[in-house]
Asker: 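What follows is a structure written as structure tokens; I'll ask about it next.
Along the sequence shown, the residues carry numbers beginning at 1.
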Amino acid sequence: MIEISNITKSFGSLQVLKGIDLHIDKSEVASIVGPSGAGKTTLLQIIGTLDKPDTGTVHVDSVDVTTLSQKALADFRNRHLGFVFQFHQLLPEFTAIENIMIPAFIAGTSQKAAKERATELLQFMGLNDRAHHKPNELSGGEKQRIAVARALVNNPAVILADEPSGSLDSKNKKELHQLFFDLRDRFGQTFVIVTHDETLATLTDRTIHMRDGLLETPVVCNSPTNITSPAI
């Protein structure tokens with residue numbers, strides 16, 4: 001699903017990634033942990049095609065994304081990748097369902113199909129009654145669940161999350177963490193999550209430790225990966 005080979009990345013004289021080799025399986029929920037400055041977010045951005053490595057290759061869903069043109073990369077990102085950030089980044093002028101539908105419109109999906117998919121996701125999240133509320137009318141936990149639904153609307157192969165529960169209270173953190181596994185079991189996506197939350201890290205199928213731009217060994221398998229084929 002994700003195959004990373006000899007990835008390096010520098011910003012000026014600072015080498016942030018120093019040769020990363022990593023494989024992540026289809027439908028795996030993997031967490032990346034480590035101290036600040038370890039290179040976690042940089043690695044996630046390279047996997048997500050938001051940045052390019054200096055050397056090495058990144059294959060996502062059997063595509064070498066490091067060889068794509070900017071136009072092809074943008075299309076690949078929209079159709080194959082979903083992003084969840086620490087702060088929901090919903091557009092305040094749009095309702096919950098409209099925010100979810102935006103990536104589908106970018107992909108050229110019809111309004112009818114986009115609305116059907118967004119409604120399905122809202123129902124799965126238990127937020128169908130909040131469909132027509134704007135972000136300022138939603139709680140922090142609701143906003144983040146809407147952001148997760150937005151990431152899923154194009155049924156991407158991979159969901160990338162950067163500190164997704166960092167701004168939530170303990171109750172909403174627990175619910176969001178469980179949601180990732182429910183979504184994996186329902187839709188079959190692969191999840192890669194950068195987190196400082198030790199509870200979430202121990203729940204994931206595998207914990208990948210980073211320090212000083214390198215992967216620490218061994219990688220910790222928290223439990224046997226329970227891969228379920230996607231239901232749709």
Side-chain angles (χ1 to χ4, degrees), residues 1-4 7 9 22 24-30 32 41-53 56-125 127 131 135 143-164 176 179-180 183-184 186-194 230-232:
M1 169 50 63
I2 300 173
E3 192 73 44
I4 299 165
I7 290 298
K9 181 67 177 180
L22 179 64
I24 297 173
D25 290 324
K26 178 176 172 55
S27 298
E28 184 175 10
V29 180
I32 302 176
T41 294
T42 300
L43 178 60
L44 195 74
Q45 289 174 338
I46 288 173
I47 296 172
T49 75
L50 298 173
D51 201 354
K52 286 197 169 187
T57 59
V58 180
H59 287 80
V60 180
D61 209 12
S62 301
V63 175
D64 183 355
V65 298
T66 58
T67 65
L68 298 180
S69 67
Q70 287 299 317
K71 184 177 184 299
L73 203 57
D75 183 68
F76 181 89
R77 189 184 303 124
N78 176 251
R79 295 176 183 275
H80 295 270
L81 302 172
F83 298 88
V84 182
F85 302 100
Q86 179 173 353
F87 300 102
H88 51 81
Q89 297 185 350
L90 301 178
L91 298 178
E93 65 269 31
F94 294 109
T95 64
I97 194 168
E98 288 169 343
N99 267 282
I100 295 170
M101 292 166 66
I102 288 170
F105 290 149
I106 294 171
T109 306
S110 69
Q111 182 171 355
K112 181 176 183 292
K115 188 172 183 179
E116 287 175 354
R117 174 65 171 164
T119 300
E120 175 192 25
L121 290 167
L122 280 167
Q123 289 173 340
F124 186 85
M125 305 281 179
L127 293 174
K143 291 174 186 175
Q144 196 62 308
R145 291 167 82 88
I146 295 299
V148 173
R150 179 183 58 190
L152 286 160
V153 72
N154 287 336
N155 198 28
V158 179
I159 301 295
L160 303 170
D162 193 359
E163 298 289 357
L176 183 67
L179 177 63
F180 290 141
L183 288 167
R184 185 271 301 276
R186 177 72 172 88
F187 299 112
Q189 269 93 6
T190 301
F191 283 79
V192 184
I193 306 167
V194 165
I232 60 172

Asker: Do any N or O atoms from the side chain of Asn78 and from the backbone of Pro103 form a donor-acceptor pair under 3.5 angstrom?
Answerer: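 Yes, the answer is positive, given that a donor and an acceptor are paired below the 3.5 Å cut-off.
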
Asker: What distance separates Gln144 CD from Leu90 CG, expressed to the nearest 0.5 Å?
Answerer: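 Between Gln144 CD and Leu90 CG, I get 8.0 Å after rounding to 0.5 Å.
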
Asker: Considering all heavy atoms of both residues, which atom of Ala131 and which atom of Leu122 are nearest to each other, and what is their separation?
Answerer: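 Taking Ala131 first and Leu122 second, the nearest heavy atoms are CB-CD1, 3.6 Å.
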
Asker: Quick one, Leu44 with Phe83, criterion side-chain contact (heavy atoms from CB on, under 4.5 Å). Give me CA distance, side-chain angles, the key distance, then yes/no.
Answerer: CA-CA 10 Å; Leu44 195 74; Phe83 298 88; over 6 Å; no

Asker: What are the two closest non-hydrogen atoms of Met101 and Ala118, and how far apart are they?
Answerer: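 Between these two residues, the closest heavy atoms are CG-CB, 3.7 Å.
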
Asker: How about Asp61 and Thr190: do any of their side-chain heavy atoms sit closer than 4.5 Å?
Answerer: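 Not in contact.
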
Asker: So Ile97 and Lys115, do their side chains get closer than 4.5 Å, heavy atoms only?
Answerer: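 Yes, their side chains come closer than 4.5 Å.
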
Asker: Short question: side chain of Asn154, backbone of Pro156 - any donor-acceptor pair under 3.5 Å?
Answerer: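 Judged by distance alone, no pair lies under 3.5 Å.
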
Asker: Treating Ser27 as the side-chain partner and Gly188 as the backbone partner, does any N or O pair qualify as donor plus acceptor under 3.5 Å?
Answerer: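 Yes, Ser27 side chain to Gly188 backbone: donor-acceptor pair under 3.5 Å.
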
Asker: Between CD1 of Ile46 and NZ of Lys9, what distance do you get to the nearest 0.5 Å?
Answerer: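 Atom-to-atom, Ile46:CD1 and Lys9:NZ are 6.0 Å apart.
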
Asker: Can you see whether Thr41 engages Asp162 through a side-chain donor-acceptor pair at a distance of less than 3.5 angstrom?
Answerer: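 Asp162 and Thr41 do have a side-chain donor-acceptor pair below 3.5 Å.
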
Asker: Over all heavy atoms of both residues, which pair between Phe94 and Asn99 is shortest? Give the atoms and the distance, please.
Answerer: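 So the minimum-distance heavy-atom pair works out to O-ND2, 3.2 Å.
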
Asker: Quick one: pull up CD in Gln111 and CD in Glu116 and give me the separation to the nearest 0.5 Å.
Answerer: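 Result: 11.0 Å between the selected atoms.
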
Asker: What residues, two or more places apart in sequence or in another chain, satisfy side chain to side chain donor-acceptor pair (under 3.5 Å) together with Glu163?
Answerer: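 Here the qualifying residues are His196.
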
Asker: Just verifying a value: how many Å separate Phe124 CZ and Arg145 CZ, rounded to the nearest 0.5 Å?
Answerer: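 If we round to the nearest 0.5 Å, Phe124:CZ and Arg145:CZ are 9.0 Å apart.
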
Asker: Leu50 and Arg77: side-chain contact (heavy atoms from CB on, under 4.5 Å), yes or no, with the steps?
Answerer: CA-CA 9 Å; Leu50 298 173; Arg77 189 184 303 124; 3.8 Å; yes

Asker: Please report the interatomic distance CD1(Ile4) to CD1(Ile24), rounded to the nearest 0.5 Å.
Answerer: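 Interatomic distance, Ile4 CD1 to Ile24 CD1, rounded to 0.5 Å: 5.5 Å.
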
Asker: Closest approach of Thr66 and Pro53, non-hydrogen atoms and distance?
Answerer: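 Between these two residues, the closest heavy atoms are CG2-CG, 4.0 Å.
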
Asker: Going through the checks in order, is the side-chain contact (heavy atoms from CB on, under 4.5 Å) test met by Met125 and Leu183?
Answerer: CA-CA 9 Å; Met125 305 281 179; Leu183 288 167; 4.3 Å; yes

Asker: Please confirm whether Arg150 makes a cation-pi placement over Phe85, using NZ or CZ under 6.0 Å from the six-membered ring centre and within 45° of the ring normal.
Answerer: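 No, Arg150 and Phe85 do not form such a contact.
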
Asker: Would you name the heavy atoms of Ala151 and Ile159 that are closest together and state the gap between them?
Answerer: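 Smallest interatomic distance, heavy atoms only, reads O-CD1, 3.7 Å.
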
Asker: Looking only at heavy atoms, which two atoms of Pro92 and Pro135 are closest? And how far apart?
Answerer: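 Reported closest heavy-atom pair: O-CD, 3.7 Å.
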
Asker: Within a strict 4.5 Å, meaning less than it, do heavy atoms of the Asn155 and Gln189 side chains meet?
Answerer: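 Counting from C-beta outward, Asn155 and Gln189 do come under 4.5 Å.
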
Asker: How long is the gap from CD1 on Ile193 to CG on Leu160, to the nearest 0.5 Å?
Answerer: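 Output value for this atom pair is 10.0 Å.
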
Asker: Do the non-hydrogen side-chain atoms of Ile146 and Ile100 ever get within less than 4.5 Å of each other?
Answerer: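 Yes, at least one pair of side-chain atoms sits under 4.5 Å.
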
Asker: Determine, step by step, whether Val65 and His59 satisfy the side-chain contact (heavy atoms from CB on, under 4.5 Å) criterion, reporting the C-alpha distance in whole Å, the side-chain angles of both residues, the deciding distance to 0.1 Å, and the verdict.
Answerer: CA-CA 6 Å; Val65 298; His59 287 80; over 6 Å; no

Asker: Tell me, please, which residues at least two apart from Asp75 pass side-chain contact (heavy atoms from CB on, under 4.5 Å).
Answerer: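 Residues passing side-chain contact (heavy atoms from CB on, under 4.5 Å) with Asp75: Arg79.
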
